[in-house]
Amino acid sequence: MEIKKSVCPYDCPDCCGLLVSVEDGQAATVAGDPAHSFTRGTLCPKMAHYERTVHSPQRLTTPLKRTGPKGSGSFQPIRWDEAIAEIAGHWKTIIREDGAEAILPYSYAGTMGTIQYSAGHAFFFALGASSLDRTICAPAKAQGYQDVMGKTLPTAPQEAQHSDLIILWSISMLATDIHFKHDLDLARQHGARIWCIDTYETKTARYADQFIRVKPGTDGALALGLMHIIDRDKLTDEAFLSRCVQGWSELKSAVLPRYTPDHTAAITGVPAAEIEQLAHAYGHAAAPFIRLGSGQSRYGNGAMTSRLITCLPAIVGAYQHPGGGLLTSTSGSHAFNKDIIRRPDLEKPGVRHINMIKLGDVLNDPSLAPAIRSLYVYSSNPACTAPDQRLVRQGLEREDLFTVVHERFLTDTARYADIVLPATTSLEHDDIYYSYGHYTIQRGDAVIPPVGESKSNWQVFRLLATAMGLNDSFFQQSEKELINQFIASTKTAWPLPIPQNKLAAGEPVDLPLPANYKMAFHTPSGKIEICNPRIQPALPEFFPPHAHNDPEEFCFINAPDPRILDSSFNERSELTHGHIMELLMHPADAENLGLQDGAIVIAENTRGQARFTLKLSERTQPGCVVSEGVWWQQHAGGPNTNALTWQRCTDKAKGSTFYDLKVNIRPQNAQ
Ligand SMILES: Nc1nc2c(c(=O)[nH]1)N[C@H]1C(S)=C(S)[C@@H](COP(=O)(O)OP(=O)(O)OC[C@H]3O[C@@H](n4cnc5c(=O)[nH]c(N)nc54)[C@H](O)[C@@H]3O)O[C@H]1N2
Ligand SMILES: Nc1nc2c(c(=O)[nH]1)N[C@H]1C(S)=C(S)[C@@H](COP(=O)(O)OP(=O)(O)OC[C@H]3O[C@@H](n4cnc5c(=O)[nH]c(N)nc54)[C@H](O)[C@@H]3O)O[C@H]1N2
Ligand SMILES: [Mo]
């Protein structure tokens with residue numbers, strides 16, 4: 001038996017270091033790598049048995065061709081050369097008749113690996129296909145941070161160990177960022193207090209010392225209310241503000257006066273006394289640290305909300321103190337020059353861009369010219385995870401749509417494919433990884449041979465490039481050659497030298513941070529920009545989310561489930577058994593509707609409906625129902641939460657608004 005190092009590839013901020021024991025070409029066990037400075041040898045329950053995903057009997061092992069109606073899941077195995085020839089044949093006809101823009105790639109972060117995530121970019125650019133805007137996650141959060149802080153490096157999570165007050169702000173930490181708990185536990189040993197701000201009482205809220213429950217989409221008003229009190233009670237750091245911040249006096253005179261505790265309480269639903277308490281805790285803390293998740297960004301005002309929260313550390317000068325600061329997403333990704341794989345230079349000028357959130361509209365729009373005639377999906381499961389599911393599935397059912405899905409499992413999306421191609425897992429292909437939750441990077445080479453005939457994303461695009469006559473030598477490179485280029489690119493892409501030999505050897509490497517990184521404000525003015533004259537509005541200001549004006553009765557939060565990750569891990573029955581498609585409702589609301597705990601209910605709105613088991617709980621607030629997890633149809637027994645979500649975008653950065661919606665609830669047997 002041999003122990004080999006690897007990296008968790010999933011779309012999670014922790015990006016764990018792994019130790020894989022390999023026996024007879026199979027992964028026998030998977031453990032955490034104690035040498036990884038953020039994840040320190042522990043894993044979540046999903047990855048602790050990653051070998052069950054890798055060697056699952058449900059793995060796709062050969063290419064498949066559809067034999068039944070779309071969505072039925074009837075396929076027959078075919079050879080790789082037949083599959084590639086069939087795809088190339090269809091695409092050549094489509095390009096000749098309608099142009100390459102009639103082909104749409106669709107992918108996201110099934111793997112976060114730098115190569116495999118972006119493996120198709122250059123190929124589809126060279127083909128001239130429609131370009132996909134990959135905005136399904138939290139670009140509005142990044143935008144809000146950037147509007148205030150520019151390219152300033154966010155605070156490293158380990159800093160929180162030295163903080164005396166930590167706010168977990170719309171982050172489901174015990175589901176989505178579990179290793180951060182270690183840093184908080186250490187801070188607590190020195191007396192730190194932990195606050196959590198969420199719309200319902202998550203496990204993370206129970207772990208915190210104090211919990212603030214906000215109405216969905218109103219955190220921007222809360223941030224303004226906190227600033228109002230911090231200013232009123234003279235808890236600001238005036239020296240820091242005058243030296244390092246632009247626009248504070250304008251915000252103070254033009255916006256803050258309205259956000260009195262009572263006005264803020266009326267918008268957010270948080271009692272004025274609690275707002276006062278949090279403002280004083282934050283204003284008096286020696287080194288307050290905010291860990292901002294993405295929940296607040298999944299609304300029509302998501303970029304603005306994130307921008308308003310980003311102003312808070314500035315007014316108390318948090319960045320000056322060890323332990324103080326704000327972590328949104330780390331910039332570990334800047335350690336590599338991603339253009340090496342993405343090749344933006346190959347994108348044809350003026351080519352059509354399509355926002356992935358709008359997939360439902362795009363597949364059904366009769367006026368789109370050219371119409372989408374072929375969809376190539378990899379590293380994503382849009383039939384399950386994209387908003388407005390009824391429209392997405394209606395599009396996938398189109399007989400004239402030639403759909404190819406490159407997957408590890410027969411997902412909801414793969415069931416609609418004309419051709420399915422089997423994909424490797426991260427243990428079977430080479431890649432190099434960065435994290436969006438900390439500053440450790442690591443190379444992860446294949447540790448076992450491919451399962452069945454599966455191939456990596458990059459290997460498939462190499463085959464397709466040849467079949468489509470793209471002879472550029474770029475497409476002939478191996479993954480290892482690309483990894484070497486990424487390692488070499490760290491010299492120019494990152495501020496301080498990175499130990500390249502350690503990185504090349506597959507060890508976790510902590511990116512060296514400049515000593516003053518928290519105080520080096522990379523904005524055009526060199527200051528933190530509460531007022532940003534280059535954007536509209538120049539001063540941040542709260543406005544309500546989209547659903548504010550929706551006619552249905554209940555806000556609907558569809559949050560992460562600790563057992564799965566988006567729709568990944570649905571293949572693992574030991575994880576997915578038990579409570580799924582549950583809907584939390586406040587007992588007072590249930591009483592009004594005459595509904596009992598355990599009732600089967602239908603949630604519905606103009607987009608569609610989904611069936612849930614009702615669970616009465618004071619963990620949620622009146623007027624707000626909650627469901628956790630994005631479940632495969634075979635587990636959900638029908639449409640999942642995305643039957644109810646909208647294709648509407650955020651205020652900036654065209655992000656998704658998964659939590660900005662309302663539904664009506666009725667018992668299943670009532671009309
Ligand atoms: N186990 C598990 N881990 C995951 C995922 C998963 O599905 N399961 N998903 C992965 C992905 S793709 C991502 S992007 C990250 C996301 O990780 P997080 O940032 O933790 O998750 P979010 O989905 O943004 O939701 C975080 C919390 O925001 C709350 N929330 C919703 N609306 C509001 C609001 O208006 N105000 C406030 N204050 N809170 C609100 C939700 O109730 C939820 O508890 O996690 C990753 N890790
Ligand atoms: N209702 C609701 N919907 C949501 C969310 C929510 O909170 N609520 N969260 C949203 C968010 S934040 C995100 S980021 C999206 C994510 O949505 P998706 O992009 O659909 O992500 P996953 O559901 O994880 O599906 C990834 C798929 O990629 C496959 N895969 C893994 N590795 C590879 C590989 O190397 N190659 C190939 N070809 N395939 C691979 C996996 O088997 C898996 O089926 O979901 C969004 N959808
Ligand atoms: Mo995400």
Side-chain angles (χ1 to χ4, degrees), residues 9-14 44-46 53 60 106-113 116-117 119-120 134 136-138 141 168-178 196-200 202 204-205 212-219 222 268 291-299 302 305 309 356 377-387 389 405-409 411-414 421-426 428-429 431 436-437 454-457 460 545 555 557-571 626-630 632 640-645 656 658-660:
Y10 286 94
D11 185 354
C12 167
D14 291 16
C44 70
K46 307 183 285 302
T53 288
L60 297 167
Y106 187 100
S107 74
Y108 202 64
T111 165
M112 289 288 292
Q116 307 302 349
Y117 176 101
R134 292 175 173 79
I136 200 163
C137 188
K141 173 166 93 164
L168 297 168
W169 201 320
S170 46
I171 184 163
S172 189
M173 180 191 73
L174 293 182
T176 63
D177 187 18
I178 59 171
C196 170
I197 306 177
D198 205 299
T199 49
Y200 77 107
T202 57
T204 307
I212 299 271
R213 185 169 13 223
V214 285
K215 282 190 193 159
T218 65
D219 300 75
L222 180 60
T268 60
R291 176 69 172 99
L292 184 60
S294 297
Q296 84 295 334
S297 78
R298 307 191 198 285
Y299 291 86
T305 302
I309 295 169
M356 66 192 300
V377 182
Y378 61 108
S379 305
S380 190
N381 181 14
C384 192
T385 55
Q389 191 163 86
V405 178
H406 184 206
E407 247 302 343
R408 307 175 310 167
F409 298 101
T411 58
D412 289 358
T413 310
L421 303 173
T424 41
T425 70
S426 57
E428 302 149 53
H429 59 230
D431 215 328
Y436 61 91
S454 59
K455 292 188 190 294
S456 73
N457 294 351
V460 176
C555 292
I557 302 293
N558 41 105
D561 189 291
R563 293 168 290 174
I564 56 174
L565 190 145
D566 302 323
S567 77
S568 293
F569 296 103
N570 264 280
E571 73 278 0
V626 179
S627 174
E628 292 173 345
V630 190
W632 281 359
N640 68 16
T641 53
N642 278 319
L644 304 161
T645 49
S656 59
F658 282 105
Y659 302 159
D660 194 354

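Just so you know, ligand 1 is whichever comes first in the structure, and atom 1 is the first atom listed for that ligand.
- A heavy-atom separation below 4.0 Å is found between Tyr299 and ligand 1.
- Heavy atoms of Asp561 found under 4.0 angstrom from ligand 1 belong exclusively to the backbone.
- When heavy-atom distances to ligand 1 are checked against a 4.0 Å cut-off, Pro562 comes that close only through its backbone atoms N, CA, C and O.
- When the options Cys137, Ala138, Ser170, Pro13 are ranked by their closest heavy atom to atom 37 (C) of ligand 1, first place goes to Ser170.
- Contact analysis puts Lys46 in contact with ligand 1, with a non-hydrogen atom separation below 4.0 angstrom.
- Contact between Met173 and ligand 1 is absent, with no heavy atom of the residue lying under 4.0 Å from the ligand.
- If you check the side chains of Asp566 and Thr385, you find no donor sitting under 3.5 Å from an acceptor.
- Counting atoms of ligand 1 from 1 in the listed order, those under 4.0 Å from a heavy atom of Thr202 are 44 (O).
- Selection from Ala205, Pro560, Ser567, Pro545 by nearest heavy atom to atom 21 (O) of ligand 1 gives Pro560.
- Nearest to atom 43 (C) of ligand 1 by heavy-atom distance, out of Leu174, Asp198, Val214, is Asp198.
- In this structure, Tyr10 and Phe569 have tilted ring planes: the angle between them lies in the 30° to 60° band.
- Judged by the shortest distance from any of its heavy atoms, Tyr10 lies outside the 4.0 Å radius around the atoms of ligand 2.
- Residue-level proximity to ligand 2 for Asp11 is carried by the side chain, the only part with a heavy atom below 4.0 angstrom.
- The proximity of Ala423 to ligand 2, defined as any non-hydrogen pair under 4.0 Å, is limited to the side chain.
- With no hydrogens or angles considered, no side-chain donor-acceptor pair links Asn558 and Thr645 at under 3.5 Å.
- Note on ligand 2: Gln116 sits outside its first shell, no heavy atom being nearer than 4.0 Å.
- Looking at Thr411 against ligand 2, only its side chain comes within 4.0 Å, counting heavy atoms.
- At a 4.0 Å cut-off, not a single heavy atom of Thr413 sits close enough to ligand 2 to count as contact.
- When Asp566, Leu222, Ile564, Thr305 are ranked by how near their heavy atoms come to atom 8 (N) of ligand 1, first place goes to Ile564.
- Residue-ligand proximity: Glu571 is placed with every non-hydrogen atom at 4.0 Å or more from ligand 2.
- What sits closest to atom 19 (O) of ligand 2 on the protein, heavy atoms only, is Ser380 OG, 2.9 Å.
- Below 3.5 Å of separation, one finds no N or O of Cys12 facing any N or O of ligand 1.
- The protein heavy atom nearest to atom 42 (O) of ligand 2 is Glu407 OE1, 2.8 Å.
- The option with the heavy atom closest to atom 31 (C) of ligand 2, from among Gln389, Met356, Arg408, is Arg408.
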